[in-house]
Amino acid sequence: MIRVVFLGPPGAGKGTQAVRIAEKYNVPHISTGDILRAAVSEGTELGKLAKSYMDKGELVPDEVIIGIIKERLSQPDVKERGFILDGFPRTLPQAEALDELLSELNMPLDKVIYLNVDDEEIVKRLLSRGRADDTEDVIRKRLEVYRKQTAPLIDYYSEKCLLVEIYGVGDVEEITKKIEEALGLEG
Ligand code: ADP
């Protein structure tokens, strides 16, 4: 059972590391970015709404994202195996809603893994990734949104003694090992 949040700037490698841990330990990987991109490509109402924000590098409204997460965290696989949250929470209201939901579900968080990467490296990585929302202007906007709205969660979780900071530059396998150590996994 693993119950963890991955926090960090865009391009920190949250998705890469989340997938590695999720596969190795058979834990549901819940990426709000992936969920939204799937909705966009299916052309659902949610997708249409989300696209208008994602294209600009802005956040999808809290109530929309919180609704998605509530539904997903209430599924039986999460109860049984836990979760790796990747890309959520991204704002203080999202973090507070998550606290409330997890306490209702009786599923306390083990840890928050904060993957820290230097700004220069982030821009380099995102520009080379080439996703639809990875143009230079949108990247700049996403970094600004991260600093303003998401970075305060570092203090929020640090005060709850849940935060573990891991430097996200270097060998992918080495970083996975550090995360495993932080989560008390055997590796
Ligand atoms: P990155 O890989 O750059 O961290 P994601 O794939 O997690 O980006 O998310 C891409 C976009 O989806 C964000 O820029 C945002 O518009 C939207 N999004 C994802 N998660 C959230 C969230 N928790 N709250 C609001 N918007 C979100």
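Whatever order the structure lists ligands and atoms in, that order sets their numbers, starting from 1. Both backbone and side-chain heavy atoms feed into the values below; hydrogens, waters and symmetry mates do not. The shown structure was predicted, so the numbers you read here are calculated from the model rather than taken from an experiment.
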Open item on the list: Applying the salt bridge (charged side-chain N to carboxylate O under 4.0 Å, His left out) criterion to K177, which one of E181, E180, E174 satisfies it?
Closed with: E174
Open item on the list: The criterion is side chain to side chain donor-acceptor pair (under 3.5 Å); which residues satisfy it with K70, sequence neighbours excluded?
Closed with: none
TODO: Please examine the side chains of I65 and L36, heavy atoms only from C-beta on, and report whether any two atoms are closer than 4.5 Å.
DONE: yes
Open item on the list: Quick one about D118 and Y167 (side-chain donor to acceptor, distance below 3.5 Å, no hydrogens or angles considered), yes or no?
Closed with: yes
Task: Neighbour list for ligand 1 [protein residues, heavy atom under 4.0 Å] - done: P10, K14, T32, G33, L36, R37, M54, E58, L59, V60, I65, G87, F88, R90, Q94, R129, R131, D133, R142
Identify each donor-acceptor pair in which a side-chain atom of residues 152-166 lies under 3.5 Å from a protein atom, sequence neighbours left out, and give them as a table.
residue : atom : partner : partner atom : Å
Y156    : OH   : D99     : OD2          : 2.4
K160    : NZ   : D99     : OD2          : 3.4
E165    : OE2  : N116    : ND2          : 2.9

Return all side-chain donor-acceptor pairs below 3.5 angstrom for residues 39-48, not counting sequence neighbours, or 'none' if the list is empty.
residue : atom : partner : partner atom : Å
S41     : OG   : A38     : O            : 3.2
T44     : OG1  : A39     : O            : 3.4
T44     : OG1  : G47     : N            : 3.1
E45     : OE2  : K48     : NZ           : 3.3

